[in-house]
2 protein chains.
Amino acid sequence: MTDPNESYVLDEQVGFLLRLAYQRHMALFMERMTGGLTPTQFSTLYRLREASEPLSQNALGRLVGMDAATTKGVVSRLLARDLIHVEKDGEDRRRYTLFITDTGCHLLDAVLPDVIGSSEATLARLTSTERDQLLQLLKRLI
Amino acid sequence: MTDPNESYVLDEQVGFLLRLAYQRHMALFMERMTGGLTPTQFSTLYRLREASEPLSQNALGRLVGMDAATTKGVVSRLLARDLIHVEKDGEDRRRYTLFITDTGCHLLDAVLPDVIGSSEATLARLTSTERDQLLQLLKRLI
DNA sequence: GAAACATCGTTTGTATGCAAATGAATTTCT
DNA sequence: AGAAATTCATTTGCATACAAACGATGTTTC
């Protein structure tokens, strides 16, 4: 018989561990980030640069896993820093098309070492094999 | 030579994957949760019940991985629903000691199946071995 | 062509989360 | 005992996040 008081152990729950792991990563990220970008802002800017086609605001948000309301705030902050700029779509008058600016491009290049360092720091306790394992397992959760 | 355009792949970064994985878990959690508790509120309440000794607000927060500011809000919401109650500490006049109420206890019991179901749903695509692997790897990150 | 539906961007409200500052109380150091 | 440091709870400001509603615009259907 298992002890009913121990049948549910919080420290063994995926959700609890995922929250703490992401929290720790964010701390390491912000520690190293010299360019004043949050993880979400960095991801958004990076996705915009690597996009092969012009992206609307919502489309970009979807590529980063943000809903429209969250995207709005992130894009506003990137706009305020001149890291991206906006053009009205001629075909669809609801749409804004987003572009990364030179400033944004240079910032991405400048902070990439910080970002890579934060991933490295997060995974520091794992071997190379374990890192691959973890990434593969996380991808299967999504 | 690796393509410099592919040397940093967003979809292979721990931080990005952790964020999406936790996001997905939260969605599955809230879908199943019948008691109106968020993952953080549930964890906080559960930790309070399982605690072997009386806990101050900050001490409880630390056990759940929240800072004092976040804890304040979570505790307020649990108080507002009568899931916990507070007593002034006689020895340390800065301190509030927190206790779970009967209502809180019953709610925990009632929603435990929801919570277990959400963990199960999050891990659904993994085998039993892979689940263990993932949990162990996540613990090493923290 | 008109109605029904979907999408775009926005706004409001709520809930984590962190940083930084505060005042009050306690502990530690000297 | 008194000064210094720490801890407790709180507050403010900022940045994700989601839900739900909104008006404006597009698309589909009939």
Side-chain angles (χ1 to χ4, degrees), chain A residues 15-16 18-31 33 35-45 54-81 84 86-98, chain B residues 15-16 18-31 33 35-45 54-81 84 86-98:
Chain A
F16 190 73
L18 283 173
R19 176 173 145 272
L20 294 185
Y22 183 58
Q23 234 171 61
R24 176 146 186 287
H25 170 74
M26 257 209 301
L28 296 170
F29 183 102
M30 294 310 285
E31 243 173 52
M33 168 55 63
L37 291 177
T38 64
T40 305
Q41 289 169 9
F42 172 80
S43 297
T44 304
L45 200 55
L55 289 175
S56 72
Q57 183 175 299
N58 282 359
L60 176 58
R62 267 179 250 121
L63 288 178
V64 185
M66 302 182 292
D67 73 349
T70 304
T71 303
K72 158 75 174 158
V74 174
V75 163
S76 295
R77 270 159 236 127
L78 295 177
L79 275 173
R81 288 183 60 185
I84 62 179
V86 179
E87 286 179 17
K88 281 260 177 205
D89 188 308
E91 294 180 359
D92 188 334
R93 281 179 309 181
R94 295 167 303 179
R95 236 176 232 161
Y96 294 140
T97 306
L98 302 180
Chain B
F16 190 72
L18 283 173
R19 177 173 144 272
L20 295 185
Y22 182 57
Q23 235 171 62
R24 176 146 186 289
H25 170 73
M26 259 208 301
L28 296 171
F29 183 101
M30 295 308 287
E31 242 174 54
M33 168 55 62
L37 291 177
T38 65
T40 304
Q41 289 168 10
F42 172 80
S43 297
T44 304
L45 201 55
L55 289 175
S56 72
Q57 184 175 296
N58 282 0
L60 176 58
R62 267 179 250 119
L63 288 178
V64 185
M66 303 182 293
D67 73 349
T70 304
T71 304
K72 157 75 175 157
V74 175
V75 164
S76 295
R77 270 159 238 128
L78 296 177
L79 275 173
R81 289 183 59 186
I84 62 179
V86 179
E87 288 179 18
K88 280 263 178 203
D89 187 310
E91 294 180 357
D92 188 333
R93 283 178 308 180
R94 297 167 303 179
R95 234 176 235 161
Y96 294 139
T97 305
L98 303 181

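Residue numbering restarts at 1 for every chain, and letters A, B, ... go by the order of the sequence lines.
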A.B. asks: Please report the distance, rounded to the nearest Å, between CG in B:L18 and P in C:dG17.
C.D. replies: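 Roughly 14 Å, once rounded to whole Å.
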A.B. asks: How would you label the contact of B:T40 with the nucleic acid (heavy atoms, under 4.0 Å): base, sugar-phosphate, or nothing?
C.D. replies: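 Counting heavy atoms under 4.0 Å across all strands, the contact made by B:T40 is with sugar-phosphate only.
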A.B. asks: Give a yes/no answer on whether the side chain of B:Q23 brings an N or O atom under 4.0 Å of OP1 or OP2 in D:dC18.
C.D. replies: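 For D:dC18, OP1 or OP2 has a side-chain N or O of B:Q23 closer than 4.0 Å.
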A.B. asks: Could you state the atom-to-atom distance from CZ of A:R24 to P of C:dC18 in whole Å?
C.D. replies: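 From A:R24 CZ to C:dC18 P: 14 Å.
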A.B. asks: Are OP1 or OP2 of C:dG9 and a side-chain N or O of A:T71 less than 4.0 angstrom apart?
C.D. replies: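 Indeed not, no polar side-chain atom of A:T71 lies that close.
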A.B. asks: Provide, to the nearest angstrom, the distance between the CG atom belonging to A:D89 and the C1' atom belonging to D:dA24.
C.D. replies: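 Between C1' of D:dA24 and CG of A:D89: 15 Å.
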A.B. asks: Rounding to an integer number of Å, can you tell me how far A:L37 CG sits from D:dT16 C1'?
C.D. replies: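 About 14 Å, once rounded to whole Å.
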A.B. asks: On DNA chain D, nearest-nucleotide positions of A:T38 versus A:R93: which is more 5'?
C.D. replies: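 Counting from the 5' end, the first nearest nucleotide belongs to A:T38.
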A.B. asks: Rounded to whole angstrom units, what separation is found between the CG atom of A:L20 and the P atom of C:dG17?
C.D. replies: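 About 9 Å, once rounded to whole Å.
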A.B. asks: Once rounded to the nearest 0.5 Å, what's the spacing between atom CD1 of A:I84 and atom CD of A:Q57?
C.D. replies: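 Here the interatomic distance stands at 8.0 Å.
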A.B. asks: Each nucleotide N or O in nucleotides 4-10 of chain D that has a protein N or O under 3.5 Å away: list the pair and distance.
C.D. replies:
residue : atom : partner : partner atom : Å
D:dT7   : O2   : B:R94   : NH1          : 2.1
D:dC8   : OP2  : B:R62   : NH2          : 2.4
D:dA9   : OP1  : B:Q57   : N            : 3.4
D:dA9   : OP1  : B:Y96   : N            : 3.0
D:dA9   : OP1  : B:Y96   : O            : 3.4
D:dA9   : OP2  : B:N58   : N            : 2.7
D:dA9   : OP2  : B:N58   : OD1          : 3.4
D:dT10  : OP2  : B:Q57   : OE1          : 3.3
D:dT10  : OP2  : B:Q57   : NE2          : 3.0

A.B. asks: Rounding to a whole Å, what distance do you find between A:M30:CE and C:dA19:P?
C.D. replies: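 From A:M30 CE to C:dA19 P: 9 Å.
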A.B. asks: If every non-hydrogen atom of A:M26 is compared with every non-hydrogen atom of A:P39, which pair is closest and at what distance?
C.D. replies: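 The answer is CG-CG, 3.8 Å.
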A.B. asks: The criterion is ring-ring contact (aromatic ring centres under 6.0 Å, His included); which residues satisfy it with B:F42, sequence neighbours excluded?
C.D. replies: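 ring-ring contact (aromatic ring centres under 6.0 Å, His included) check on B:F42 returns A:Y8, B:Y46.
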A.B. asks: Could you tell me the separation between the NZ atom of A:K88 and the C1' atom of D:dT25, rounded to a whole number of Å?
C.D. replies: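 For the pair A:K88 NZ and D:dT25 C1', the rounded distance is 11 Å.
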A.B. asks: Closer than 4.0 Å, any side-chain N/O of A:Q41 to the OP1 or OP2 of D:dT16?
C.D. replies: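 For D:dT16, OP1 or OP2 has a side-chain N or O of A:Q41 closer than 4.0 Å.
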A.B. asks: Residues in salt bridge (Lys or Arg N to Asp or Glu O under 4.0 Å) with B:R94, at least two apart?
C.D. replies: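 With sequence neighbours excluded, B:R94 shows a salt bridge (Lys or Arg N to Asp or Glu O under 4.0 Å) to B:D92, given in chain and number order.
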A.B. asks: Under the rule for salt bridge (Lys or Arg N to Asp or Glu O under 4.0 Å), what residues qualify as partners of B:R93, not counting sequence neighbours?
C.D. replies: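 Once residues adjacent in sequence are excluded, B:R93 has no partner under the salt bridge (Lys or Arg N to Asp or Glu O under 4.0 Å) criterion.
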A.B. asks: Report the residues that fulfil side-chain contact (heavy atoms from CB on, under 4.5 Å) with B:E87, sequence neighbours left out, ordered by chain and then residue number.
C.D. replies: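 B:E87 satisfies side-chain contact (heavy atoms from CB on, under 4.5 Å) with B:H85, B:F99 only.
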A.B. asks: To the nearest Å, how far apart are A:R77 CZ and D:dC14 P?
C.D. replies: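 Nearest whole value for this atom pair: 10 Å.
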A.B. asks: List the residues meeting side-chain contact (heavy atoms from CB on, under 4.5 Å) with A:L20, not counting sequence neighbours, and say none if there are none.
C.D. replies: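 Expected list: A:F16, A:Q23, B:I142.
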A.B. asks: Want to settle it: does A:M66 or A:E91 sit nearer the 5' end of DNA chain D, counting the closest nucleotide to each?
C.D. replies: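 The 5'-side residue here is A:M66.
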A.B. asks: Specify the residue among B:D67 and B:G90 whose closest nucleotide of DNA chain C lies further upstream toward the 5′ end.
C.D. replies: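 Counting from the 5' end, the first nearest nucleotide belongs to B:D67.
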